[in-house]
Structures are given as C-alpha cells and as structure tokens.
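Since we're looking at a predicted model, the values are computed, not measured. Residue numbers begin at 1 in each chain, while the letters A, B, ... track the order of the sequences.
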There are 2 protein chains.
Amino acid sequence: MFSKACEYGIRAAIYIGQQSASGRRVGLKDIAAEIDSPEAFTAKILQQLVREQLVTSVKGPTGGFELTPEQLRTVTLRQLVVAIDGGAMLQGCALGLPQCSAKQPCPMHYQFLPIRDQLNELLRAHTIGELASKVQEGLGFLKQFS
Amino acid sequence: MFSKACEYGIRAAIYIGQQSASGRRVGLKDIAAEIDSPEAFTAKILQQLVREQLVTSVKGPTGGFELTPEQLRTVTLRQLVVAIDGGAMLQGCALGLPQCSAKQPCPMHYQFLPIRDQLNELLRAHTIGELASKVQEGLGFLKQFS
DNA sequence: TACATACCGGACAAATTTGTCCTTTAATTT
DNA sequence: AAATTAAAGGACAAATTTGTCCGGTATGTA
C-alpha cells in the first residue's frame with residue numbers, strides 16, 4: 001500500500017504525537033526503538049517531515065522531535081503520505097495509464113474510483129493527534145509485543 | 001497501488017483476452033505495442049502468468065499467447081495480482097506492522113479494514129473475459145490515444 | 001529434414017528504494 | 001568559552017524493482 005518510508009514516517013509521527021500530548025519531546029533513538037524502525041533511515045524521513053513543517057525538531061541537548069498543539073490538531077495522515085510518497089498513489093490509474101480519465105478510462109476506472117475516493121477521505125479524516133490518543137489509550141499499537 | 005509489473009500484466013492479460021474472444025492468438029510484439037509496455041519485461045511477466053496457468057502460450061510459427069474460454073470466464077483480476085505482486089498488499093497492515101490484527105491492531109486497523117475488503121471484493125468480482133469485453137465495446141482502453 | 005518463428009530462461013544492467021555512516025550545525029550545560 | 005548533545009545533510013552501500021540481451025527449445029512450414 002504505502003512505501004516503507006511512509007510506514008515508518010506515519011508510525012514515527014504518531015509516536016511523537018503521543019509523547020508530545022504528554023509534554024515529552026523525544027529523540028531519534030527513542031523513536032526508532034519504539035516503532036521498531038531503522039534509526040538512520042527514520043532520521044531521513046523525519047527530516048523530510050520537518051522541512052514540510054508537519055513535525056517540529058529542536059537541536060542540542062534536551063532537543064528532539066515534537067508536535068505542536070496545532071500540528072497535533074491539524075496534520076492529517078494524508079499530509080504525511082503526500083509528503084513522503086507523493087500524490088501518485090492517491091490519484092493515479094490502477095492500471096498505470098498516464099492519462100486515464102472519464103475521457104479514455106481504463107477498464108477498471110469506474111470500479112476503482114469509489115475505493116480511491118474512500119481512501120482519500122479516510123486519510124483526510126484522521127489527524128495525528130487523534131491517532132496518538134488512540135495509542136495512548138491502548139486502543140492501537142505502533143509495534144508488536146509478544 | 002500495484003507494481004509496474006502488475007500493471008503491465010493486467011493490461012496484457014486483458015488485451016490477450018480481447019483478441020482471444022475474437023479467435024485471435026497474439027504475439028509478444030503485438031501485445032507490447034498495444035498496451036504500451038516494454039517488450040522484454042512484458043515477456044517475463046507473461047512467463048509468470050503462463051506458469052500459473054492464468055494465460056496460455058504456444059511456441060513456434062503462428063504461436064503466441066491466448067486465453068482459453070475457461071480462462072476468459074474464470075481468471076479474475078485478483079489471481080493476476082496475487083500471481084505477480086503476491087498477497088501482501090491485499091492483506092498486510094497499512095502501517096507495516098508484521099502481526100497487525102484485532103489482538104494488537106495498528107491505530108488505523110479498523111479504518112482500513114473495510115477499504116481493503118472492498119478492494120479484495122472488487123478484484124475477485126471481475127474476470128479477464130469481462131474486462132476484455134469492455135475494451136472490445138470501446139468502453140475501456142488499455143493505452144491512450146491522442 | 002531444414003528452416004523460420006516465437007516463447008522460455010538465465011544472465012546482466014539500470015533505476016529506485018531502502019538503509020548506513022560520518023561530518024557539520026545548532027543549542028544546552030558546565 | 002568549552003564540552004556535550006542531538007538533529008541536518010551529504011556521500012555511500014545494499015536490496016529490490018524494472019528493464020535488456022541472447023542462446024536454447026519447441027513448433028509449424030516448405
């Protein structure tokens with residue numbers, strides 16, 4: 001569905017959000033450990049998110065990553081996905097036709113349309129803050145325990 | 001959504017189906033030209049589909065690819081996708097958790113479930129023959145004209 | 001039987017994605 | 001101010017996906 005980078009990015013953002021909601025700023029090492037992702041690769045992805053201002057970072061001792069109250073409230077899953085994977089998967093043709101549209105639809109065009117619309121709607125409807133709360137309440141997990 | 005290989009594979013299968021429905025067997029060169037795909041790469045993908053018996057091939061002069069009436073009637077989009085991309089995208093967790101399930105769901109688990117179910121249903125519901133007819137009737141396209 | 005045709009299969013190459021390492025930059029603490 | 005901490009950024013490496021090339025194999029035709 002999404003790229004690895006995107007999966008890590010979303011998990012990281014939610015974890016940062018969860019901690020930010022409790023007033024804690026978190027470092028890269030902590031993040032990678034908590035979401036079970038490769039540290040250096042996760043750093044790259046977070047850099048992207050910081051550049052896009054979807055996540056906030058602070059350098060130096062006591063530094064780390066955090067989400068402002070506004071970011072918690074307004075940044076959606078969709079913004080993360082677009083920032084990391086680009087819009088292609090949320091718009092492009094399922095069969096890869098470059099100009100697929102009602103004008104010259106691929107054979108699956110009208111069947112896929114509602115599903116893609118729902119996916120877009122879904123991603124737009126959920127903020128990082130909301131997902132972070134879910135994790136905080138033990139209703140969702142960012143890595144698996146045994 | 002799907003890999004390039006999968007996109008080419010689906011388009012190729014539908015084109016072969018369209019021609020088979022009219023009693024024509026088609027060669028690789030023809031296929032690649034009609035669906036606008038790299039020839040040698042398309043050959044690899046078709047080999048896979050032939051091995052899985054989703055497509056039939058005949059060697060030698062007058063040879064080529066075709067779909068038997070049974071293949072036209074029974075092979076679904078889902079079988080093509082699984083043969084080429086594997087089942088991961090049709091089952092795996094959206095956030096990449098290896099063991100995501102109701103037991104330890106990711107924060108988006110229950111939101112994604114209905115969408116993934118619909119996608120599976122959609123892929124299962126459409127046969128190559130059906131999609132080939134759509135193209136034959138001019139209601140769907142496998143490449144774009146200008 | 002010889003030849004031509006067209007798929008098969010393996011090796012190879014390019015491009016992209018995933019992942020690592022190390023130096024630089026910024027900020028806090030002593 | 002110096003030392004320490006942690007993110008930023010660039011270069012590099014591994015893995016996967018995408019794509020090519022070419023000799024081998026099967027099949028139909030003369």
Side-chain angles (χ1 to χ4, degrees), chain A residues 1-13 15-16 19-20 24-33 35-67 81 83-86 88-89 92 96 98, chain B residues 1-13 15-16 19-20 24-33 35-67 81 83-86 88-89 92 96 98:
Chain A
M1 183 87 107
F2 304 122
S3 69
K4 281 287 171 196
C6 198
E7 291 175 0
Y8 297 150
I10 295 171
R11 303 218 303 264
Y15 175 68
I16 295 167
Q19 297 302 307
S20 287
R24 284 187 291 276
R25 191 180 283 161
V26 288
L28 177 61
K29 187 161 292 190
D30 185 13
I31 295 168
I35 70 171
D36 214 8
S37 69
E39 199 176 311
F41 191 43
T42 305
K44 289 295 181 208
I45 300 158
L46 286 174
Q47 278 175 39
Q48 264 184 276
L49 298 182
V50 168
R51 273 195 296 269
E52 304 267 351
Q53 306 187 25
L54 304 177
V55 168
T56 302
S57 74
V58 178
K59 286 184 173 181
T62 78
F65 298 89
E66 65 186 7
L67 291 184
V81 171
I84 301 172
D85 278 356
M89 121 130 241
Chain B
M1 182 84 109
F2 303 123
S3 69
K4 280 286 171 198
C6 200
E7 291 174 359
Y8 297 149
I10 294 171
R11 304 218 302 265
Y15 174 68
I16 296 167
Q19 297 302 309
S20 288
R24 283 187 291 275
R25 191 180 282 162
V26 288
L28 177 60
K29 186 160 293 191
D30 185 13
I31 296 168
I35 70 171
D36 214 8
S37 69
E39 198 176 311
F41 190 43
T42 306
K44 290 293 183 211
I45 301 158
L46 285 174
Q47 278 175 40
Q48 263 184 279
L49 298 182
V50 169
R51 272 195 296 270
E52 304 267 350
Q53 305 186 24
L54 304 178
V55 168
T56 303
S57 72
V58 177
K59 287 184 175 181
T62 78
F65 296 90
E66 65 185 9
L67 291 184
V81 172
I84 301 172
D85 278 355
M89 120 131 242

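Checked by atom type and distance alone, the side chain of B:Asp85 never pairs as donor or acceptor with a backbone atom of B:Phe2 at under 3.5 Å.
Looking only at side-chain heavy atoms (C-beta outward), B:Gln19 and B:Tyr15 come within less than 4.5 Å of each other.
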With the criterion being N/O to N/O and under 3.5 Å, what pairs connect the protein with nucleotides 5-8 of chain C, and how long is each?
unit_1: C:dT5; atom_1: O2; unit_2: B:Pro61; atom_2: N; d: 3.4
unit_1: C:dA6; atom_1: O4'; unit_2: B:Gly60; atom_2: O; d: 3.2
unit_1: C:dC7; atom_1: OP1; unit_2: B:Leu28; atom_2: N; d: 3.1
unit_1: C:dC7; atom_1: O3'; unit_2: B:Ser57; atom_2: OG; d: 3.3
unit_1: C:dC8; atom_1: OP1; unit_2: B:Ser57; atom_2: OG; d: 2.8

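Within the structure, every pair that satisfies the side-chain hydrogen bond (donor to acceptor under 3.5 Å, both in side chains) test and touches residues 52-61 of chain A, not counting sequence neighbours, is listed here: A:Thr56-A:Gln71.
In this structure, the side-chain contact (heavy atoms from CB on, under 4.5 Å) partners of B:Ala43, at least two apart in sequence or on a different chain, are B:Leu28. Remark: B:Lys4 engages B:Glu7, B:Tyr8 in a side-chain contact (heavy atoms from CB on, under 4.5 Å) (not counting sequence neighbours). Under the rule for a salt bridge (Lys or Arg N to Asp or Glu O under 4.0 Å), A:Lys29 has no partner lying at least two apart in sequence or in another chain.
Counting all heavy atoms, side chain and backbone alike, A:Val55 lies closest to A:Glu66 at CG1-O, 3.9 Å.
When DNA chain D is scanned in the 5' to 3' direction for atoms under 4.0 Å from non-hydrogen atoms of chain A, the outermost contacting nucleotides are D:dT4 to D:dA11.
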